[in-house]
2 protein chains.
Amino acid sequence: MRPRTDTKERLLSLAEERVLAKGFSATSIDELIAGVGITKSGFFYHFRDKNELARALLLRYLEQDRAVLEAIFQRGDDLHDDPLHGFLVGLKLFAEMLANLPEQHPGCIAASYCYQDQLFDREIRDLNAAGMLAWRQRFGERLQRIAEVYPPRHDVDLDALADMISTLVEGGLILGRALRDATILPRQILLYRDFIRAIFLGN
Amino acid sequence: MRPRTDTKERLLSLAEERVLAKGFSATSIDELIAGVGITKSGFFYHFRDKNELARALLLRYLEQDRAVLEAIFQRGDDLHDDPLHGFLVGLKLFAEMLANLPEQHPGCIAASYCYQDQLFDREIRDLNAAGMLAWRQRFGERLQRIAEVYPPRHDVDLDALADMISTLVEGGLILGRALRDATILPRQILLYRDFIRAIFLGN
DNA sequence: GCGATACTGTACCACAGGTACAGTCTGGGT
DNA sequence: ACCCAGACTGTACCTGTGGTACAGTATCGC
């Protein structure tokens, strides 16, 4: 048998799927190794223990998420020079992408970890928090730039408005899963888009 | 030792706390019985197996949640006859209640179960879905009544707008936990309130 | 042929969920 | 005073899982 080079990736992919379906602690090492066809020793060659699997899973997820979303909103900016309209285009693209997923969005590792955070060490919890804060900052900066050009008529809590995207995504994933309805999340994003229009364009 | 009558309740309370902190499968029967001071046989006297604990936990949570939220929005309606303004008062009361919790909101059992749904049987998943749908209906009816009096200038997806509350609550709980910031959720509710004003009052 | 990489195989331990079932204490009703 | 249902305790046992330890092996590139 020739040694494969993608075993670690396949372990992480399978682990991600199982963790989103059953939670981290219910995801047994045995089912992972059975799924990718290695032995327990093979698993512990790649990861010192289950906690290291948890960390690798989170890092991989955060990075994938960042790359996908940055690409979408960058594309929005490319399609429209104005910061507000570029953002509105980005939100539409985001909603379309979510609506066109081949199947139900599998869920967010960060949210899953959040409801099991006592399983993990400080480092993982901090990574998770940093990931959320990064979105607040990225969207917050956008909203700042927009507010400079389109001063909102009322006071708006821009940090909360930035957090609102992550909030709707996390909440939308939960409702979508619970109700087995993949349209919930994209519709929430479109509502958010309406809200942004109302705040900065007043219509 | 005299037999207590509240053992089952104490088991459920402790289980709820642990499940929200570690997830269901990582919550061991041993830690629960140690926490309330009974033996394993005592646990299996109250619950046939762990799955029955899961069901009882969810039912208890859904009922508590329903009672608390209905009381808040009923109070809003009592304070203002108009359906829109009663709802706006209710949202403000809700945000205040969330902001004044003695400590961080412990989280939502339904959301926790959602990210571990393969652990549970069909019945529990259906209960969870029915709980979410009930909120869509309760808020959807309110929004219908409001829209009759205050026709929105644009088309609005009222079902999505009803779901938006649950979405913001679930998402806000996740961000609040991840960032250890109890102000996130109430601020999201206030933003939702602003959105409702913008849609139905146009300001 | 050598060493790094990617594993396998074997053996072992503690703990968790779960099953089974007999025994015990207590308070309330008769 | 007695009985019985409710609320447990005690003991024994089985399986699966996470985790540890460590020696051995196949393959590839240099």
Side-chain angles (χ1 to χ4, degrees), chain A residues 1-58 60 109 112-113 115-121 123-124, chain B residues 1-58 60 112-113 116-121 123-124:
Chain A
M1 203 196 301
R2 82 178 58 95
R4 314 187 54 140
T5 51
D6 63 344
T7 305
K8 194 166 179 173
E9 259 309 291
R10 292 191 307 130
L11 270 173
L12 286 168
S13 292
L14 181 56
E16 182 171 310
E17 181 206 316
R18 299 306 173 105
V19 166
L20 289 173
K22 311 199 302 176
F24 185 77
S25 86
T27 300
S28 74
I29 293 176
D30 280 358
E31 74 182 286
L32 298 179
I33 64 182
V36 305
I38 59 172
T39 64
K40 207 181 228 186
S41 313
F43 177 88
F44 286 104
Y45 170 76
H46 289 293
F47 303 102
R48 193 181 322 165
D49 53 25
K50 223 185 159 193
N51 200 67
E52 201 174 300
L53 170 69
R55 192 185 322 124
L57 210 53
L58 179 59
R60 197 182 85 126
I109 288 286
S112 171
Y113 279 25
Y115 269 111
Q116 300 165 61
D117 64 359
Q118 290 308 304
L119 296 177
F120 307 115
D121 57 27
E123 187 195 345
I124 290 184
Chain B
M1 204 197 300
R2 81 178 58 95
R4 314 187 52 143
T5 50
D6 62 345
T7 305
K8 192 164 180 174
E9 259 308 292
R10 292 190 308 130
L11 270 173
L12 286 168
S13 292
L14 181 56
E16 182 171 310
E17 181 206 316
R18 299 306 174 102
V19 167
L20 290 173
K22 311 200 300 178
F24 185 76
S25 86
T27 299
S28 74
I29 294 176
D30 280 359
E31 75 183 285
L32 297 180
I33 63 183
V36 305
I38 59 170
T39 64
K40 205 182 234 187
S41 312
F43 176 89
F44 287 105
Y45 169 75
H46 289 292
F47 303 102
R48 193 181 324 168
D49 53 27
K50 225 187 158 193
N51 198 67
E52 202 175 299
L53 170 68
R55 192 185 323 124
L57 210 52
L58 179 60
R60 200 183 80 127
S112 171
Y113 278 24
Q116 300 164 61
D117 63 0
Q118 289 308 307
L119 296 177
F120 306 115
D121 57 26
E123 188 196 343
I124 288 184

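Every heavy atom of this structure was used, including side-chain atoms; hydrogens, water molecules and symmetry mates were not. Lettering follows sequence order; numbering is per chain, from 1.
Protein atom NE2 of B:His46 is 6 Å distant from nucleotide atom C1' of D:dA7, rounded to whole Å. D:dA7 atom C1' lies 13 Å from atom CZ of B:Phe47, rounded to whole Å. Rounding to whole angstrom units, CD1 of residue B:Ile38 and P of D:dT9 are separated by 6 Å. Taking atom OH on B:Tyr45 and atom P on C:dA22, their separation rounds to 17 Å, with Å as the unit. The separation between B:Leu53 atom CG and C:dG17 atom P is 10 Å, rounded to whole Å.
Smallest separation of non-hydrogen atoms from B:Ile33 and B:Lys40: CD1-N, 3.5 Å.
Evaluation of the side chain to side chain donor-acceptor pair (under 3.5 Å) rule for A:Ser112 yields A:Gln116 as partners, not counting sequence neighbours.
Looking only at distances, a side-chain donor or acceptor of B:Glu31 sits under 3.5 Å from a matching main-chain atom of B:Ser28. The backbone N or O of A:Glu52 lies less than 3.5 Å from a partner atom in the side chain of A:Asp49, making a donor-acceptor pair.
Between A:Phe24 and A:Tyr113, the angle of the ring planes goes over 60°, which puts this pair in the perpendicular group of the 30/60° scheme.
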I'd like to compare against my own output: the B/S/- annotation of nucleotides 17-22 of chain D with a strict under-4.0 Å heavy-atom distance to protein. SBBB--

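A:Lys50 forms no cation-pi arrangement with A:Phe43, by the criterion of a distance under 6.0 Å to the ring centre and an angle within 45° of the ring axis.
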